[in-house]
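Scroll down for the structure; my scribbles are underneath it.
So you know, we letter chains A, B, ... as the sequences are listed, proteins then strands, and number each from 1. The basis for the numbers below is simple: all heavy atoms, side chains too, and nothing from hydrogens, waters or symmetry mates. Because the structure is predicted, anything quoted here is derived from the model rather than measured.
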Amino acid sequence: MGRFATGKKIERRAAVFAIYERPATPFFMPENPLVTESEDSARKLPKTFEPGSFEERWYSVWETEGRFQPSGAPGSPRFVMVIPPPNVTGKLHIGHAYGRTVEDILARWKRMLGLRVLWVPGTDHAGIATQMVIERQLAKQGIDRRELGREKFVERVWAWKREAKDTIQTQMKRLGCSLDWTRERFTMDPDLSRAVRHVFVRLYEQGLIYRGRYVVNWCPRCETAVSDLEVVHRETDGSLFKIRYDVAGVPGGATVATTRPETMLGDTALAIHPEDLRTSKLAGRTAILPIVGREIPIVEDAILVNREFGTGVVKVTPAHDANDFAMGKRHDLPAAVVIGPNGRMTADAGEYAGLDRFEARKQIVTRLTDEGRLTAEPYRNSVGHCQRCDTVIEPYLSEQWFVKIAPLAQPAVRAVEDGTIRFVPESWTKTYFEWMKNIHDWCISRQLWWGHRIPAFTCPNGHVTVSEEDPAACPTCAAAPLEQDTDVLDTWFSSQLWPFSVFGWPEKTEDFLDFYPTDVLVTGYDILFFWVARMIMAGLHFTGEAPFSTVHLHGLVRIGGEKMSKTRGNVIDPLEAIAEFGADAVRFTLASAASSGATVSVERGRMAGSRNFATKLWNAARFTLSALDGRTVPTELASRALSLPGRWVLSRLSGAARDVNRHLSGFRFDEAASSIYAFVWHELCDAYLEMVKPVLSGREGTEEERESVRGVLSRCLLDSLALLHPFMPFLTEEIWDKATGRPGTLIVAPFPTGEALRTDSEAEHVIEAVRALITRVRNYRGERGATPTEPVELWVAPDSPDRELASGIFAVAPLLQHLGRIPQLRLEAPPASAFRDVVAGLSVGLRVKESASESGGARLEKALSDIEQEYEGLSSKMRNPSFVDKAPPAVVEKTRRRLLELEERRAALSGGRA
RNA sequence: GGGGGGUUAGCUCAGCGGUAGAGCGCCUGCUUUACACGCAGGUGGUCGCAGGUUCGAUCCCUGCACCCCCCACCA
């Protein structure tokens, strides 16, 4: 019997000494959750873990029991979020799943912290995007929407919308999103449409909405105007064409440069800079428009023309260029529309009428080249494309509605400046300010069929009325009937109202009064301008309050470093991932991938890793429940004696709980996930469960000690389940049910904050040393080529660097001996025959029966050279007087101690080599 | 043209003034009575390059290289 003789006695004394210092039920569980009399069968978990077997069941339990609805008195602390409403264009991809997972983690966490949580679901009609989906469907059947007519077309979109909404809803439920479905909204619901109309009318009356003919971004494929934000600029290789115009009295004429020669048909002037000597001879003259033969004036304009750039002469096409349009206004020039809304040349284009704009370009280039008027050179410039269909955008003069944005932007800037709204990560603040500073008026009318009709009505006499209710007759002249504007509003016009329109605003509904403003908005940074900025402007302008206090802008999901796209074929369907790995694993993966950066990298390998973690938890639960074996666990755990491992694991548990809370508060979902992962896997499972097996099996310890272990185990299990619930709601609820017999209640169980248990640094110190010793013993075997089961003798010198620890370590001698397979453990100086080392401040000696293989020599040499290198570095530091002088004393002290440790190790290892 | 971000282990990413971490991968063992979706041990990094500040820099500053993103009426 080689066991250290007094080990047990010391262990017991240590246990008594290890009583909790705060005996008054410091646990977060209000009552003992491990129900005594619950049936045995309910306490057992199936051997195999199948996520599919319980996920949907728990979701419906939560939903039917109203867990997703805010509970508690109005006015009590609440936490409110609105979902960024997904477009009803199809199904959600993994990027949506990421954002929703983050939101659900917040929602579940806050709910468990006792707040009244409301998370509002809904969808967005997504005007142009959804219309395109249906147009494509029709095109497959060879139908053009115009054949169908507006009414029939819109009906079809509604039918599609219902389907898409169901798909999206199912996806979010599978993911586990704790959304309050009783409050689900759609941007074209009657009450939300009323809010849109109300806002339009108010802005109109305030002079912040106006109508006019301007050059706007026009998509010839969608045949609608789009806003500046909906134009995607891309560097494109093209040509810069130089065209010579004849000028009466000026030999050589005037040469202009353009990237779009077809627009010359719409030129109504040439422009020069008034102070440019190169072109002064052209001043006041008249040029002849080639091909057309029309005379156009040469005007002087210092704003449009850059003296330093190009030929100094600019062609002016007021109908097809925003700058030229402004210039035309200044000089009272006519505007000739030569490219029509469908991208084909108009009647004003003369012989080119009816041609596609690019075909016309080709022909004009050929003709002018033949005439000797045109030269071309390669040119790379930025060309605008339609965000939705990638068609080249055409600047186009048309009648549109606009929001005058500057007066709305000012308060929105202030709200962020004064901290009413904060961005997380904070770095987005600057981007937001930059954009707000240069913001332009917003073109809100769209020549589409799917969306909110603009509430403007024109009477037979041409009077325009804007009103919330459809007017029966003209308020000005009483004429009838009135025609409503056929345009619809930009989708984002309704989205900007989402945080309050979902609550029934402008009515002062109970929900609006209770839940507005919301707390946190979570969304991708890609819609900061489209949506977030506009919500802030609208919220402040219409409700007088910022619509949320925190904006968490997250990165965009990338798969294996690449942007997700259908053409790359790397799109991950959340439902497929859920089917393969389970919703909990998918969620955990997404949470772990979260980072402050602009991209969120998701890989299959990580999904498998999370699934493995889920299985790990499952098996740890099985182990724990079998250890409890239906037994009552003492409620008054606090008053019981705890062993050092128990103290250690509870201390670590409290640390994990604090970390999880801290990281969630900072929106660091990756760090939060990693904290609980590391605790459950590497501390609870790898260490604690292994440490207590001998006690649980009855091979060691008293019944009292077994009870203590059971108490610690159940505390660890239940707290881990609670800490993990926001990340892995299904699995944790399933285990919780089996453990407590209270189905479906984890979702509202108190969230561990770590405050109930204290950090036990003494226990941590001792147990960390034990773990280090065990590791050292194991790799010592490896070095010696001994099998893992080969017994190792261990000496711990009483005069170790850490003397206190050296004597304290015997409190856990049986533990060390069992886990390290150490038959001999002696508190005495190691003999010369032993291999010596210093581990965790303990001078130790190790001895194992020599084995044939001696693979450890190289390792030992490496260890020694590592030590030597570090020692050299540190000691040269210590020799440096300015380090000792200027570095903080704590750092110097730490360095000194490390140096001593290295000396010890070096001495020990050098001896061991002999 | 303006602005922002990145460059850390084979891969994907954390860290950020006191000489480096995770997951996956890789190598070696292992029917240790919760788990092979496992256990134990291990391999692997002049922290993009060059200067500077500092007692000390992967971390702060400057410059450079390469990559990515956003904004902009670059005829």
Residue [X], side-chain heavy atoms: nucleotide from [options] that is nearest:
X	options	value
A:Arg622	B:C35, B:G38, B:G29	B:C35
A:Cys685	B:G3, B:A34, B:C55	B:A34
A:His682	B:G23, B:A34, B:G29	B:G23
A:Lys430	B:G4, B:A14, B:A40	B:G4
A:Arg778	B:G41, B:C73, B:C74	B:G41
A:Arg606	B:G23, B:G18, B:A34	B:G23
A:Thr599	B:A40, B:C13, B:G38	B:C13
A:Lys886	B:C55, B:G18, B:C69	B:C55
A:Phe529	B:C70, B:C13, B:G23	B:C70
A:Arg821	B:C55, B:A34, B:U32	B:U32

For this session: Report which part of the nucleic acid A:Asp885 touches: base, sugar-phosphate, or nothing (heavy-atom distance under 4.0 Å, all strands).
Result: nothing
Problem set entry | Sugar-phosphate, base or nothing in reach of A:Asn306, heavy atoms under 4.0 Å | base
Using only heavy-atom distances, decide whether a donor-acceptor pair under 3.5 angstrom links the side-chain of [X] to the base of [N].
X	N	answer
A:Glu603	B:C13	no
A:Arg611	B:C37	yes
A:Thr615	B:C37	yes
A:Lys693	B:A34	yes

For this session: Between A:Ala608 and A:Gly605, name the one whose nearest nucleotide on RNA chain B is closer to the 5' end.
Result: A:Gly605
For this session: Return the 5'-most residue of the pair A:Glu690, A:Leu229 with respect to RNA chain B, ranking by each residue's nearest nucleotide.
Result: A:Glu690
Exercise. For the pair made of CD in A:Glu235 and C1' in B:A72, what is the distance, rounded to whole Å?
Worked result: 12 Å
Problem set entry | Nearest-Å distance once atom P is located in both B:G10 and B:C47 | 13 Å
Problem set entry | Atom pair CH2/CZ of A:Trp428 and A:Phe423 - distance to nearest 0.5 Å |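 A:Trp428 CH2 to A:Phe423 CZ: 10.0 Å, rounded to 0.5 Å.
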Exercise. With under 30° as parallel and over 60° as perpendicular, where do the rings of A:Tyr214 and A:Phe402 fit, or are they tilted in between?
Worked result: perpendicular
For this session: Specify whether A:Tyr677 and A:Phe613 have parallel, tilted or perpendicular ring planes, treating 30° as the upper limit for parallel and 60° as the lower limit for perpendicular.
Result: tilted
For this session: Return yes if a side-chain donor-acceptor contact under 3.5 Å exists between A:Asp267 and A:Tyr245, otherwise no.
Result: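 Yes, a side-chain donor-acceptor pair sits under 3.5 Å.
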Problem set entry | Side chain proximity check, A:Met327 to A:Ile303, heavy atoms < 4.5 angstrom |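 SC-SC contact between A:Met327 and A:Ile303 ruled out.
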Exercise. Do NZ/NE/NH1/NH2 and the carboxylate oxygens of A:Glu434 and A:Lys430 come within less than 4.0 Å?
Worked result: no
Exercise. Would a line drawn from the ring center of A:Phe669 to the ring center of A:His663 be shorter than 6.0 Å?
Worked result: no
Exercise. How does RNA chain B read in dot-bracket, base by base from 5' to 3', with Watson-Crick or G-U pairs under 3.5 Å and | used when the partner is on another strand?
Worked result: ((((((((.[[[[.)..(..]]]].(((((.......))))).....[[[[[..)....]]]]])))))))....
